[in-house]
Amino acid sequence: MAEEKQEPAPAAAPAAPGPQRRAQKRKRRKALSIVALVVALGAIAYTAHYFLISARYESTDNAYVQGNVIQITPQVSGTVLAINAEDTDFVKAGQTLVKLDPADAHIALEQAEAQLAQTVREVRTLYANNSTLEAQVALREADVARAKSDVQRAEDDIARRRPLLATGAVGKEEFNHSQSQLAVAKSVLAAAQSAVVAAREQLASNQVMTSGVSVDRHPAVQRAAARVREAYLALQRVELPAPVDGTIARRSVQLGQRVQAGAPLMSLVPLKQVWVDANFKEPQLRRLRIDQPVTLVADLYGSDVEFHGRVAGLSAGTGSAFSLLPAQNATGNWIKVVQRVPVRIELDPKELAAHPLRVGLSMIATVDVRDQTGKSVADLPRTIPASHTSVFTNLDADGAADAAVERIIAAQLGTAKASPDVKAKAARKPAAPVAKSVAAASGAAQADTKAH
């Protein structure tokens, strides 16, 4: 049998390329459409964000709470006897924070009062000397008159003896004695006249010290009285009051410590008067204006609590310009760094009272810059004090120092009655133990004066 030849199977026909390519193109086109849609949405979102947020607001997280840190410093030297406030304590204005030993101040006050009493007596002596010096002038004038009479008598004796000298009725020796007596009389007259001039000059000098003013208004008495008031104030200042309401921080004073005037003892921070310093970049400043509204968020409370305030002012320079070591940009190696300018933001007092802040806390500040009618630089001076206290102006509100001065003067003048003003001031009840000590010291000085 003849072998049958096997013929190879016919190859499969290739698939048509058209449908596959069309599918790939559709996938590619769909992916590009998605990318284009994402880009378009991103552009729309960016545009919307710019016109709705970026163009309307300037924001920074480089913002921190600032406040007045008041240093409590003594006005007189002394040893610390009591400390009435600790760190984190809240104190009211006028509350005593530190008390110093008043012994030195008491002694200084007693010395000043004794000096005032002595000065009054010395000034009274000046006034009394006027009468004495007037009597001296009258006495010297009488001496001049007597000396003139002696000169006239000596001249008459010589006139009578001169004709008799030629006849021998009067001897030469007797005539010479008469001439000597005339010379002595003239010398006595010249001395008496000089004494009159000296007495008158001394009287005039004493009258210059006393004329036109009473004893209690004499400059020497007023100077001594001022020293009494100064010593009284020093006695009052042994107690250091709080100038404002606030919280104590950084107490460094210790019991028994000898402190000098002006040495910092502790700090007082009035947390109800804090503000925010927001450090904006240079490009952000072009749209910042005074009185623009600000929304702030504190890291302490989070985004649930918002603070509202306003732009109070922009600093006169960048932070680096006022740093301890300002940048020296005029060097060979220089890298440009975007500078920041502090912007002060005042907070709403009601919101601050509801959610207290501490100095140094971080804040996020967002300024609404749509209103461009404000000014970027303040050009009006402040009409009211930025801060003030009346604690240190009432140290002698009851007039105890003036009453003590007038009592001492009245006692040294020996007046039977004090003036109504003196009685009224003396009748006032001292408001502080220090005022009582002043009255006691004044009484002691008067008793000592009467004893002497």
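In this text, all values refer to a predicted model and were calculated from it rather than measured experimentally.
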- Query: Will you find, in the side chains of Ser267 and Gln71, an N or O donor that is under 3.5 Å from an N or O acceptor?
  - Reply: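 Side-chain D/A pair, Ser267 to Gln71: absent.
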- Query: Do Glu58 and Gln284 have a side chain donor and acceptor closer than 3.5 Å?
  - Reply: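 Looking only at side-chain atoms, Gln284 and Glu58 do form a donor-acceptor pair, the distance falling under 3.5 Å.
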- Arg250 CZ: over 12 foreign heavy atoms closer than 6.0 Å: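 No - once you tally the heavy atoms of other residues, nucleotides and ligands closer than 6.0 Å, there are 12 at most.
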- Message: Counting only heavy atoms from other residues, nucleotides and ligands, does the tally under 6.0 Å from CD of Glu230 exceed 12?
- Response: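 No, the 6.0 Å shell around CD holds no more than 12 heavy atoms from other groups.
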Does [X] reach the main-chain N or O of [Y] with its side chain, forming a donor-acceptor pair under 3.5 Å?
| X | Y | result |
| --- | --- | --- |
| Arg124 | Gln412 | yes |
| Tyr64 | Val276 | no |
| Gln95 | Lys92 | yes |
| Ser205 | Glu201 | no |
| Gln292 | Arg287 | yes |
| Gln372 | Val369 | yes |

Could you tell me if the side chain of [Y] sits less than 4.5 Å from the side chain of [X], heavy atoms only?
| X | Y | answer |
| --- | --- | --- |
| Asp245 | Phe90 | yes |
| Val294 | His308 | no |
| Thr366 | Leu296 | no |
| Ile83 | Leu255 | yes |
| His106 | Gln111 | no |
| Val215 | Tyr127 | yes |
| Thr373 | Arg289 | no |
| Met363 | Asp299 | no |

If you take all heavy atoms of [X] and [Y], which pair is closest and at what distance?
| X | Y | answer |
| --- | --- | --- |
| Pro283 | Val338 | CD-CG1, 4.3 Å |
| Pro74 | Val259 | CG-CG2, 4.1 Å |
| Gly313 | Ile290 | CA-CG1, 4.3 Å |
| Ile72 | Pro243 | CD1-CD, 3.7 Å |
| Thr60 | Asn62 | OG1-N, 3.1 Å |
| Ser77 | Arg258 | CB-NH2, 4.2 Å |

Rounded to the nearest 0.5 Å, how far apart are [atom1] of [X] and [atom2] of [Y]?
| X | Y | atom1 | atom2 | value |
| --- | --- | --- | --- | --- |
| Asp402 | Tyr232 | CG | OH | 9.5 Å |
| Arg340 | Leu285 | CZ | CG | 10.0 Å |
| Arg227 | Arg223 | CZ | CZ | 5.5 Å |
| Asp216 | Glu406 | CG | CD | 8.5 Å |
| Leu233 | Leu109 | CG | CG | 10.0 Å |
| Leu288 | Ser376 | CG | OG | 9.5 Å |

- Message: Walk me through whether Gln257 and Thr79 qualify under side chain to side chain contact (heavy atoms under 4.5 Å, CB included).
- Response: CA-CA 6 Å; Gln257 180 180 354; Thr79 303; over 6 Å; no
- Query: Going through the checks in order, is the side chain to side chain contact (heavy atoms under 4.5 Å, CB included) test met by Asp277 and Gln66?
  - Reply: CA-CA 7 Å; Asp277 278 344; Gln66 300 292 342; 3.3 Å; yes
- Message: Please identify which of these residues, Val91, Asp89, Thr96, meets the side chain to side chain contact (heavy atoms under 4.5 Å, CB included) condition with Asn84.
- Response: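 Result: among Val91, Asp89, Thr96, Thr96 is the only option passing the side chain to side chain contact (heavy atoms under 4.5 Å, CB included) with Asn84.
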Salt-bridge test for [X] and [Y]: reply yes if a basic N is under 4.0 Å from a carboxylate O, no otherwise.
| X | Y | result |
| --- | --- | --- |
| Arg200 | Glu141 | yes |
| Asp87 | Arg251 | no |
| Asp368 | Arg56 | no |

Atom pairs and distances, donor-acceptor, side-chain atoms in residues 341-350, under 3.5 Å, two or more places apart:
| residue | atom | partner | partner atom | Å |
| --- | --- | --- | --- | --- |
| Glu346 | OE1 | Arg310 | NE | 3.4 |
| Glu346 | OE1 | Arg310 | NH2 | 3.2 |
| Asp348 | OD1 | Lys350 | N | 3.2 |

- Query: Quick one: ring-ring contact (aromatic ring centres under 6.0 Å, His included) partners of Tyr301, sequence neighbours excluded?
  - Reply: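 For Tyr301 the ring-ring contact (aromatic ring centres under 6.0 Å, His included) partners, ignoring immediate neighbours, are His355.
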- Query: Can you check side chain to side chain donor-acceptor pair (under 3.5 Å) on Ser320 and Gln339, steps first, answer last?
  - Reply: CA-CA 8 Å; Ser320 62; Gln339 299 298 312; 2.7 Å; yes
- Taking side chain to side chain contact (heavy atoms under 4.5 Å, CB included) as the test, write out the residues that go with Lys375, two or more places apart.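 Asp379.
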- Message: side chain to side chain contact (heavy atoms under 4.5 Å, CB included) for Phe392 and Arg237? Distances and angles first, verdict last.
- Response: CA-CA 9 Å; Phe392 302 104; Arg237 286 168 177 166; over 6 Å; no
- Task: Mind running side chain to side chain contact (heavy atoms under 4.5 Å, CB included) on Leu265 and Thr73 for me, showing each step along the way?
- Result: CA-CA 6 Å; Leu265 306 183; Thr73 58; 5.9 Å; no
